[in-house]
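Chain identifiers are assigned alphabetically (A, B, ...) following the order of the sequence lines, protein sequences preceding nucleic acid strands; residue numbering begins at 1 within each chain. Being a predicted model, the structure only gives us computed values, none of them experimental.
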Amino acid sequence: MSTRRLIGILTGRTALVVLLIFWLFPVYWLILTAFKLKVDIQSSDPVWIVTPVLDNFIWLQQNFTFDPLKHSLIVVFLSVAIATLLGAPMAYALARFPFKQRDDVEFWVISTRMLPPEALIIPYYVIMIHIHLINTVTGLTIIYSAINLPVIVWILLAFYRMMPASTEEAARIDGCSLWSAYFRIVIPMSASSIVAAALIIWIMTWNEFFFSFVLTSSNTTLPVEVASFLANGFNPQYGPMAAAGLILTIPPLLIAFFGRQYLIRGIQGLAGGEAR
Amino acid sequence: MKVEGQPAPVALGAERSRARRAPRRSIDERRWIVPLPGFILLALATFPPFFYALYLSLFNFDNQAKIATQFVWLQNYGTILSTSRSLHAFGETLVISFQSTLFSIVFGFAIALLIQRYAPRLDTWLLILFLLPMIISPVVAALNFSLLLNTLYGPIDQVLYGFTHNVIAWTDTPFLATEVIVMNQVWQSTPFAILLFYSGLQSLPTEALEAARVDGAQGFTFLWLITIPLMRSIVIVTVLFEFLLASAQFTPTQLLTSGGPGNATESIALYIYRVGIAETGSISLAAAAGVIALIVTVIIATIWVKTTKAKDLYGIERDAVWGEADA
């Protein structure tokens, strides 16, 4: 019995390790390619390990501007800040204020989060042309804020539902107004959930490709710039492409390792509920 | 009957009672001021574009002036539902979504189960490592796979060449190209299933599991008859979420296969982008396709919301809502 058990555990763990190696191999290959010489990238036998060289990054630095990175940072930080500031009170109101059509309003907010981007892109595109916000950082910021809003509401709503109302009620009885109870009691209590939600939309916005690709051309963000390597057709510059891809991947990776608890909670929240 | 200079008695009474309860009521009456800007932004970002898309889809569109010109009833919808290219795009999206959902669910459940059974102490680290593909930009994912699957320099082809002595052109046949897209999608969306299933497994009621064990349930029987039924609502939510994710995918089809060979892997998102913006500029046609995609999504989303509202997604009861009693 105990030998069988031991074999079972060993098999299970081996399976996990093998799966993990396959799972992360694409990431390893990306990092490897980013630090390879062109000779190694275009060798006819696979090169599995190299001494890292920075040639590809230097090539990037010589041939590209920092504008896409700058646009990305501006758009992401602004839209995440706007969505979090506007979204947290919305979630609170939906969780705590009783009113007749609450279920309908809630359904509307949640359903906007599931709107397929391809259904919105055409009207957004035409509207942006008419209000002269096409190919601008401002236009992109507005759109991203609106897209991120329901995500924040969705994650925080689940949290506020789980949170007992008694603490706020005690504060109200002691003379706090509704919103000062919210800012002094509820926000500190829900800070970790707000951080989790904000990190999630930070990553989603940082990675976003579709809207940025369609709505901007010269004032574009980093993912679109990186993607332009692939669109180059014959003989793309694989080394610099991998290096650029790695630059795009570093911030989410840092978030994943340093904020892993938040990230896990945030992604669970994405599905409409947090685990305890 | 109103007498001038003398307010009606009812109004007077109301005035008095409002004055008495002034401090509490006035705050609660203005409580919507704080969340209101968010609701307005959301309303502006969803309703006008939606109705504008409906409007555009019923008209012909002048691509030079960027305005709708001529009312054509449902002609654009007719075109969408009778052109082979658009029907193929819908079909291809369905094929990709079904396959991605299936593989994501199977892989996700297996990995979640393995972590829970064999390495529960390392769960956070394992989860975060398995989650990595999800937090990587779809652009980088596509770029990864184009590196891996490159026919000349990609490691997969180079290793396979040793066995088969054949070069596999991954994006040259419709079948393989579709599978490449599915692979990319599965890699990126499985982490979500892993995480959901893992939380589901964690929150299963231990008494029920114990009871089933005592009754002699084991192995796959246990999994099939006890674990999965207990996780029913999580499974439903995950399936729907994976399906929605996959059906909206744009990046891999655009970057890995450019919809090719021919239009074989053109998903609905790519079709809308190409027909509406990139190629011909038939905005109305693209808008009509978007409306159809929207209707399909709304149906799926409704089922999802109804399921999550069944409130025991993680076995959590909805908390009593503040003020429900006096509403």
- So what's closer than 4.5 Å to chain A heavy atoms on B:Leu132: side chain, backbone, both or neither? side chain
- If you count heavy-atom pairs under 4.5 Å between each of B:Ile292, B:Leu256, B:Thr124 and chain A, which one has the most? B:Thr124
- For B:Leu270, is it the side chain, the backbone, both, or neither that has a heavy atom closer than 4.5 Å to a heavy atom of chain A? neither
- Identify which part of B:Tyr273 has an atom lying under 4.5 Å from any heavy atom of chain A, answering side chain, backbone, both or neither. side chain
- dist B:Ile128:CD1 -> A:Phe257:CZ (nearest 0.5 Å) comes out at 7.5 Å
- Largest heavy-atom contact set with chain A, pairs under 4.5 Å, which of B:Ile272, B:Leu240, B:Ile300: B:Ile272
- Any donor-acceptor pair under 3.5 Å from B:Tyr52 side chain to A:Tyr124 backbone: no
- Given that the side chain runs from C-beta out, which part of B:Ser247 has a heavy atom under 4.5 Å from chain A: side chain, backbone, both or neither? backbone
- Gap separating the CG atom of B:Leu143 from the CG atom of A:Leu246, nearest 0.5 angstrom: 10.5 Å
- Query: What option among A:Ser145, A:Ala93, A:Pro223, A:Pro26 has the most heavy-atom pairs under 4.5 Å with chain B?
  - Reply: A:Pro26
- Note, A:Leu115 side chain near B:Thr46 side chain (heavy atom, < 4.5 Å): yes
- Task: Heavy-atom distances under 4.5 Å only: say whether A:Trp206 touches chain B with side chain, backbone, both or neither.
- Result: neither
- Query: Can you list the steps and then say if A:Trp108 with B:Phe47 is a ring-ring contact (aromatic ring centres under 6.0 Å, His included)?
  - Reply: CA-CA 10 Å; A:Trp108 164 62; B:Phe47 289 121; 5.5 Å; yes
- Task: Dump the intermediate steps for side chain to side chain contact (heavy atoms under 4.5 Å, CB included) on B:Asn144 and A:Trp29, then the final yes or no.
- Result: CA-CA 8 Å; B:Asn144 267 338; A:Trp29 194 256; 5.7 Å; no
- For the atom pair CZ (A:Phe210) and CD (B:Gln249), what is the distance rounded to the nearest 0.5 Å? 10.5 Å
- Message: If we define contacts as heavy-atom pairs under 4.5 Å, which of A:Ile203, A:Leu10, A:Leu16 has the most with chain B?
- Response: A:Leu16
- Given that the side chain runs from C-beta out, which part of B:Leu294 has a heavy atom under 4.5 Å from chain A: side chain, backbone, both or neither? both
- Message: Under 4.5 Å from any heavy atom of chain A, what part of B:Leu127 do you find: side chain, backbone, both or neither?
- Response: side chain
- Task: Select one option (side chain, backbone, both, neither) describing which atoms of B:Leu244 are under 4.5 Å from chain A's heavy atoms.
- Result: side chain
- Note on the structure: So, the part of A:Leu149 with a heavy atom under 4.5 Å from chain B: the answer is side chain
- Spacing of CG belonging to B:Leu56 relative to CD1 belonging to A:Ile127, to within rounding of 0.5 Å: 8.5 Å
- Which answer fits B:Pro133, side chain, backbone, both or neither, if we ask what part of it has an atom under 4.5 Å from a heavy atom of chain A? side chain
- Query: What is the ring orientation for B:Phe250 with A:Phe213, classed by angle as parallel under 30°, tilted 30 to 60°, or perpendicular over 60°?
  - Reply: tilted
- Between chain B and each of A:Ile147, A:Val226, A:Thr112, A:Ile82, count heavy-atom pairs under 4.5 Å; write down the option with the most. A:Thr112
- Task: Counting only heavy atoms closer than 4.5 Å, note whether A:Leu20 contacts chain B via side chain, backbone, both or neither.
- Result: both
- Item | Under 4.5 Å from a heavy atom of chain B, the part of A:Val224 involved | neither
- If you measure from CG on B:Leu36 to CE on A:Met90, what distance do you get to the nearest 0.5 Å? 9.5 Å
- Message: For residues 239-260 of chain A, which residue pairs pass the side-chain hydrogen bond (donor to acceptor under 3.5 Å, both in side chains) check, not counting sequence neighbours?
- Response: none
- Query: What do you reckon, is CZ of B:Phe107 surrounded by more than 12 foreign heavy atoms closer than 6.0 Å?
  - Reply: no
- Under 4.5 Å to a heavy atom of chain B? For A:Ile264 that would be both
- Nearest-0.5 Å distance, CG of residue A:Leu263 to CE of residue B:Met134: 8.5 Å
- Among A:Gly245, A:Gly87, A:Gly12, residue most engaged with chain B (heavy-atom pairs, under 4.5 Å): A:Gly12
- Query: Which bit of B:Ala43 comes within less than 4.5 Å of chain A, counting heavy atoms only: side chain, backbone, both or neither?
  - Reply: both
- B:Thr297 portion near chain A, given a 4.5 angstrom heavy-atom threshold: side chain
- Query: With only heavy atoms counted, which part of A:Ala91 is less than 4.5 Å from chain B, the side chain, the backbone, both or neither?
  - Reply: neither
- Kindly write out the residues that satisfy side chain to side chain donor-acceptor pair (under 3.5 Å) with A:Asn148, not counting sequence neighbours, or none if the list is empty. A:Thr205
- Task: Under 4.5 Å heavy-atom distance to chain A, tell me which part of B:Phe39 shows up: side chain, backbone, both or neither.
- Result: both
- Message: Between A:Phe25 and chain B, with a heavy-atom cut-off of 4.5 Å, which part of the residue counts as in contact: side chain, backbone, both or neither?
- Response: side chain
